[in-house]
Amino acid sequence: QVQLVESGGGLVQPGGSLRLSCAASGSIFSIYAMNWYRQAPGKQRDLVATITSDGRASYAASVKGRFTISRDNAKNTLYLQMNSLKPEDTAVYYCNGEPPPLYTAMGDVEVWGQGTLVTVSS
């Protein structure tokens, strides 16, 4: 019922930029906290950035100052602007949505997108 679809990944050179998008459908997007995760080959899935329903953002230390998370609630879309990309940013990037506690108590669960691959290589 609830769907998240990422797009915007691809192959870029070190120092380049990409903008990832996550389109939400079948959900109450505006009240969800939204996250970007990434998973590099052979490694665990790590939290990259978080944005609350009212737009407050936080970042992993590894991307702070280079990545920007944002949301457009009117468009039900989450974004991740990635600048100054490094080879170590190579990973599958996943969009994640967290219902507020009240909705979790009512039975709603977090949702995940299918992922989009970002490869940073010269």
Please tabulate, one pair per line, all N/O donor-acceptor pairs under 3.5 Å involving side-chain atoms of residues 11-20, not counting sequence neighbours.
| from | atom 1 | to | atom 2 | distance (Å) |
| --- | --- | --- | --- | --- |
| S17 | OG | N83 | OD1 | 2.9 |

Show me the side-chain donor-acceptor pairs of residues 115-122 shorter than 3.5 Å, one per line, residues at least two apart or across chains.
| from | atom 1 | to | atom 2 | distance (Å) |
| --- | --- | --- | --- | --- |
| T116 | OG1 | G9 | N | 3.1 |

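Using a 4.5 Å heavy-atom threshold, the side chains of L80 and R38 count as separate. Side-chain contact check for F29 versus R71: some heavy-atom pair is nearer than 4.5 Å. Considering only heavy atoms from C-beta on, M82 stays 4.5 Å or farther from R66 through its side chain. A 4.5 Å side-chain heavy-atom check between Q3 and V111 finds every atom pair outside the cut-off. Between I69 and L78 there is a side-chain heavy-atom pair separated by less than 4.5 Å.
Taking each heavy atom of Q114 and V5 in turn, the nearest pair found is OE1-CA, 3.6 Å. For the residue pair A40 and T90, the shortest heavy atom distance occurs at CB-O, 3.6 Å. When every heavy atom of D108 is checked against every heavy atom of Y32, the shortest pair comes out as OD2-OH, 4.4 Å. When every heavy atom of T68 is checked against every heavy atom of Y59, the shortest pair comes out as CA-OH, 3.3 Å.
Within the structure, the ring pair (Phe, Tyr, Trp, His ring centres under 6.0 Å) test picks out the following pairs touching residues 83-122 (sequence neighbours left out): Y37-W112. Legend: disulfide (SG to SG under 2.5 Å) pairs involving residues 79-122, not counting sequence neighbours, sorted by first then second residue: C22-C95.
Among residues two or more places apart in sequence or in another chain, the side-chain hydrogen bond (donor to acceptor under 3.5 Å, both in side chains) test is passed with Q44 by D46. S7 pairs by the side chain to side chain contact (heavy atoms under 4.5 Å, CB included) definition with S21, not counting sequence neighbours.
Taken to the nearest 0.5 Å, the OG1 atom of T77 stands 10.5 Å off from the CG atom of L4. Taking CD of E110 as the reference point, atom CG of N35 lies at 8.0 Å (rounded to 0.5 Å).
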